[in-house]
Visitor: 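Here you go, one structure.
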There are 2 protein chains.
Amino acid sequence: MALAGLSRRERQIMEILYRRGKLPVSAIREEMQDAPSYSAVRSLLRVLEEKGHVKHQAEDLKYVYMPVVHADKARRSAVKHLMTTLFGDSPEQVVAALLDVASKRLTREELDRMAAMIEKARQEEK
Amino acid sequence: MALAGLSRRERQIMEILYRRGKLPVSAIREEMQDAPSYSAVRSLLRVLEEKGHVKHQAEDLKYVYMPVVHADKARRSAVKHLMTTLFGDSPEQVVAALLDVASKRLTREELDRMAAMIEKARQEEK
DNA sequence: AGCATAATGCTAAAAAATCAGCAGGAGGCG
DNA sequence: CGCCTCCTGCTGATTTTTTAGCATTATGCT
C-alpha cells in the first residue's frame with residue numbers, strides 16, 4: 001500500500017529512490033522525467049518525509065534521501081497490489097504478461113533461473 | 001504508461017474498470033474504497049473521458065463506462081512499468097517477488113502451468 | 001578577502017485534483 | 001396525476017499537489 005496512494009510526483013521520486021537507493025536532491029532531480037525546479041523537488045521530499053516515506057541523513061555536506069520502507073518489502077507490496085488490482089489475484093496471469101513483455105530480452109540463463117524458482121516453490125508446496 | 005501518470009482516484013477507477021469490465025456509475029462508486037459522493041465519481045469519469053482513458057455508452061437507460069485501452073494491453077504496460085521502475089528491468093526479480101507474495105495460495109497446478117509457460121519461452125528463445 | 005557555486009530553511013502562489021450541489025428529465029407506482 | 005427514485009448536465013468550491021522564489025550558510029578558488 002506504500003506506493004499506491006501517493007501522488008504522481010511522489011511516486012516518481014519513490015521509484016527513483018527504490019531503484020537507486022540513496023541520493024542527494026540534485027541526483028534525484030536529474031533522474032526525473034520533466035524535472036521541475038530544484039525547489040519543487042525539495043518540497044516533495046519534505047512532504048514525503050512528513051508522511052514517513054523517506055528519511056535523510058547528512059553526507060558530504062549535503063542531505064541524501066532514502067526510503068524508510070526497505071526495497072524488498074516495497075517491491076513485494078507493489079507486485080501484490082498489481083496482481084490484485086489488474087490480474088484478479090492470479091499470479092499465473094502476471095507471469096504470462098511478464099514473459100510477453102520481456103521475452104525479447106530474456107536469455108536462456110534467466111529462464112533457467114525462473115524455472116528453478118518455480119521448482120523450488122513446488123517442493124515447498126508439497 | 002497508461003495507468004502511471006493518473007491521479008489516485010483516477011487510477012482507482014481505472015483499476016475497477018479493468019477488473020470488472022463495464023460498469024454504470026453507481027456500481028463503480030460501490031467498488032471504491034472511501035467512496036466520495038456520486039457527483040464526485042461522475043466528475044472523475046468525465047475527466048477520464050476527456051483524457052481519453054474511458055468511454056461510455058447508453059445501456060438500460062443509463063451510461064456504462066469502460067476503458068478505451070484493452071485490458072491486456074493495459075496489464076502488459078503496467079507490468080512493464082513495474083519491472084523497470086522497481087525491479088531494475090529484471091523479470092527474474094519480479095517472479096521471485098511474485099512467488100514470495102503468492103506462495104501460500106499457489107496450487108501445484110498453477111505452478112505447473114507457470115513452469116510450462118517458461119518452458120515454452122525457452123523453446124522460442126532458442 | 002571577495003566571489004561563485006551549491007546547499008538548506010522557509011514561504012507562498014499557481015495548477016490540478018477532488019468533491020459537492022442543484023436543476024431537469026424519464027420511469028415506476030399509488 | 002402526483003410523488004418518489006435514479007439518472008444526467010452543468011457549475012463552482014475546497015483541498016491537495018506542484019511549483020517557484022528569496023534569504024542564508026558553507027565551501028572552494030582566485
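Atom set for the values below is all heavy atoms of this structure, side chains included, hydrogens, waters and symmetry mates excluded. The chains referred to below are lettered A, B, ... by the order of the sequence lines, with proteins before strands, and numbering in each begins at 1.
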Visitor: Less than 4.5 Å apart, any side-chain heavy atom of A:V95 and any of A:Q93?
Guide: no
Visitor: What does A:R8 touch in the nucleic acid at a heavy-atom separation under 4.0 angstrom: a base, only the sugar-phosphate, or nothing?
Guide: sugar-phosphate
Visitor: Which nucleotide, D:dT18, D:dG21, D:dA20, lies nearest any side-chain atom of A:L44?
Guide: D:dT18
Visitor: Using the closest heavy atom to pick a nucleotide of DNA chain D for each, name whichever of B:K62 or A:V47 lands nearer the 5' end.
Guide: B:K62
Visitor: For D:dT18, take OP1 and OP2 only and decide whether either is under 4.0 Å from a side-chain N or O of A:S7.
Guide: yes
Visitor: May I have the distance from B:Q33 (atom CD) to C:dC19 (atom C1'), rounded to whole angstrom?
Guide: 18 Å
Visitor: Whole angstrom is fine here: how far is it from CG in B:L6 over to C1' in D:dT17?
Guide: 15 Å
Visitor: Figure out the CZ/C1' separation between A:R29 and C:dA6, and round it to whole Å.
Guide: 13 Å
Visitor: Need one value for B:R46: base, sugar-phosphate or nothing, where a base atom within 4.0 Å counts as base even if backbone is also close, heavy atoms only.
Guide: base
Visitor: Among C:dC22, C:dT8, D:dT19, find the nucleotide with the atom closest to the side chain of A:R9.
Guide: D:dT19
Visitor: Is there a side-chain contact between B:S90 and B:M83 in this structure, where contact means two heavy atoms from C-beta onward sitting under 4.5 Å apart?
Guide: no
Visitor: At less than 3.5 Å, do the side-chain atoms of B:S43 and the base atoms of C:dA17 form a donor-acceptor pair?
Guide: no
Visitor: In whole Å, what is the span from the CG atom of A:L23 to the P atom of C:dA6?
Guide: 18 Å
Visitor: Yes or no on side-chain contact (heavy atoms from CB on, under 4.5 Å) for A:F87 and B:R75, after CA distance, side-chain angles and deciding distance?
Guide: CA-CA 8 Å; A:F87 291 87; B:R75 291 191 185 112; 3.4 Å; yes
Visitor: Check the hydrophobic clustering (I, L, V, M, F, W, Y; side-chain heavy atoms under 4.5 Å; chains of links allowed) and say if A:Y63 and A:Y38 are grouped together.
Guide: yes
Visitor: Using OP1 and OP2 only, check whether a side-chain N or O of B:Y63 sits under 4.0 Å from D:dG9.
Guide: yes
Visitor: May I have the distance from A:E10 (atom CD) to C:dA16 (atom P), rounded to whole angstrom?
Guide: 17 Å
Visitor: Within the structure, does a side-chain N or O atom of B:S39 lie under 4.0 Å from either OP1 or OP2 of C:dC22?
Guide: no
Visitor: Could you give the CD-to-C1' distance, from A:Q12 to D:dT19, as a whole number of Å?
Guide: 14 Å
Visitor: Any non-hydrogen side-chain atom of B:H53 less than 4.5 Å from a side-chain atom of B:L6?
Guide: yes
Visitor: Out of C:dG27, C:dT8, C:dA20, which has the shortest distance to the side chain of A:V25?
Guide: C:dT8
Visitor: If only side-chain N and O atoms of B:Y38 are considered, is one of them under 4.0 Å from the OP1 or OP2 phosphate oxygen of C:dC19?
Guide: no
Visitor: Would you kindly give the CG-to-C1' distance between B:L45 and C:dA20, to the nearest whole Å?
Guide: 16 Å
Visitor: Using whole Å, report how far NZ of A:K51 lies from C1' of D:dT18.
Guide: 12 Å
Visitor: What nucleotide among C:dG27, D:dT19, D:dT8 has an atom nearest to a side-chain atom of B:R42?
Guide: D:dT8
